[in-house]
Amino acid sequence: GVSAVLATQSGWRDPLEAQGTVLQDEMAWMGQQEWVMVSHSMGGLVSRVVAQRALQGTGPRVRGVLTIATPHDGAPIARATEVGLVGGAV
């Protein structure tokens, strides 16, 4: 069963590493020994940062990560800008 649920929102303009630190701090405050992370959109990128830290031994224990609609390969508009389909900075 689920013993804890953490819903968080951080500054979307902050670097992913900084958002990962905020999430880790909140996870530590909850006191859970291990986590299964379910996240949406940019939250999936932040969860991935935390999971990678866990693999390196510098984060909480993460048993799994499920991401929904997460732009792991970047946003489509950013890719369109790179190939010249859209002009100007996004």
Side-chain angles (χ1 to χ4, degrees):
V2 174
S3 59
V5 174
L6 172 62
T8 184
Q9 180 178 350
S10 60
W12 63 271
R13 293 181 185 194
D14 295 337
L16 291 175
E17 291 293 326
Q19 292 183 53
T21 299
V22 169
L23 179 56
Q24 275 186 250
D25 291 347
E26 292 176 358
M27 293 167 77
W29 181 82
M30 295 284 293
Q32 291 297 113
Q33 296 301 310
E34 59 184 33
W35 293 83
V36 173
M37 302 171 73
V38 179
S39 47
H40 174 258
S41 192
M42 188 171 181
L45 300 176
V46 177
S47 294
R48 191 171 70 185
V49 167
V50 173
Q52 288 171 339
R53 290 178 183 172
L55 289 173
Q56 297 167 353
T58 60
R61 185 170 178 193
V62 176
R63 289 190 77 182
V65 178
L66 171 65
T67 63
I68 302 164
T70 298
H72 293 288
D73 294 324
I77 189 73
R79 287 194 306 277
T81 301
E82 290 174 2
V83 296
L85 296 176
V86 177
V90 177

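Residue numbers count from 1 along this sequence. Computed from a predicted structure; not experimentally measured.
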Task: Path from Leu66 to Val50 over hydrophobic side-chain contacts below 4.5 Å - done: no
Task: Heavy-atom donor-acceptor pair, Thr70 side chain to Ser41 backbone, under 3.5 Å - done: yes
Open item on the list: Counting C-beta onward and ignoring hydrogens, is there a side-chain heavy-atom pair between Ile68 and Val38 closer than 4.5 Å?
Closed with: yes
Task: Side chains of Val62 and Met37 in contact at under 4.5 Å (non-hydrogen atoms) - done: yes
Open item on the list: With clusters defined by side-chain heavy atoms of hydrophobic residues (ILVMFWY) lying less than 4.5 Å apart, directly or transitively, does Val46 cluster with Trp29?
Closed with: yes
Open item on the list: Taking CD in Glu34 as the centre, count heavy atoms belonging to other residues, nucleotides or ligands within less than 6.0 Å. Is the count above 12?
Closed with: yes
Task: ILVMFWY cluster, Met30 and Val49 together (side-chain gap under 4.5 Å) - done: yes
Task: Rounded distance [0.5 Å steps], OG1 in Thr58 versus CD in Gln24 - done: 6.5 Å
TODO: Go through the steps to decide whether Thr67 and His72 satisfy the test side chain to side chain contact (heavy atoms under 4.5 Å, CB included), and finish with yes or no.
DONE: CA-CA 9 Å; Thr67 63; His72 293 288; 3.1 Å; yes
TODO: Quick one: closest heavy-atom pair of Met42 and Asp14, and the distance?
DONE: CE-O, 4.4 Å
Task: Atom of Ser47, atom of Val65 and distance for their closest heavy-atom approach - done: CB-CG1, 4.1 Å
Task: Heavy-atom closest contact (Met27 atom, Pro60 atom, distance) - done: CE-CG, 3.6 Å
- [ ] For Glu17, enumerate each residue passing the side chain to side chain donor-acceptor pair (under 3.5 Å) test, keeping only those at least two apart in sequence or located in another chain.
- [x] Arg53
